[in-house]
Amino acid sequence: MLASFLNEYRSLPVSNPGNKVVSWHVFRTVSEAEEYTDSIRLGDGQHIVGGMDSDTIGKLWWVGVEVDDIGHWGNPAAVNKHAE
């Protein structure tokens, strides 16, 4: 079943800890993004986020983890982006 947030436009996060998205992966197909969501394990105060965006090549989908409190989560410098 398609995660509803993957059908919504949401810009890729920037490497800025202020946005509270601490890790994300980029995919070229929605099926890959959806499959990845099934593998995410969350801790307290963490939520799966993501959406659809585009770049010069075309559409892309991203899936990540957003935290309630970046200070409680850990070091803001550890925010990580992964592109596939």
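Side-chain atoms are counted along with the backbone in the values below, which use heavy atoms only and exclude waters and symmetry mates.
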Pairs flagged by salt bridge (charged side-chain N to carboxylate O under 4.0 Å, His left out) wherever residues 55-73 is involved - sequence neighbours left out: R10-E66, R28-D55
Atom of M52, atom of L6 and distance for their closest heavy-atom approach: CB-O, 3.7 Å
Test salt bridge (charged side-chain N to carboxylate O under 4.0 Å, His left out) applied to D44 - qualifying residues, sequence neighbours left out: none
Gap between atom CD1 of I48 and atom CD1 of I40 - 0.5 Å precision: 4.0 Å
Qualifying residues under side chain to side chain donor-acceptor pair (under 3.5 Å), relative to S31, sequence neighbours excluded: T29
Heavy-atom closest pair, residues P13 and V21: CG-CG1, 3.8 Å
Short side-chain to backbone donor-acceptor contact, D53 and L12, under 3.5 Å: yes
Sidechain-backbone polar pair: Q46 side chain, G43 backbone, donor-acceptor under 3.5 Å: yes
Name of the residue among W24, W62, F27, W61 meeting ring pair (Phe, Tyr, Trp, His ring centres under 6.0 Å) with Y36: F27
Smallest separation among heavy atoms of A33 and V63, with atom names: O-CG2, 3.6 Å
Inter-residue atom distance F5.CZ - H47.NE2, 0.5 Å rounding: 13.0 Å
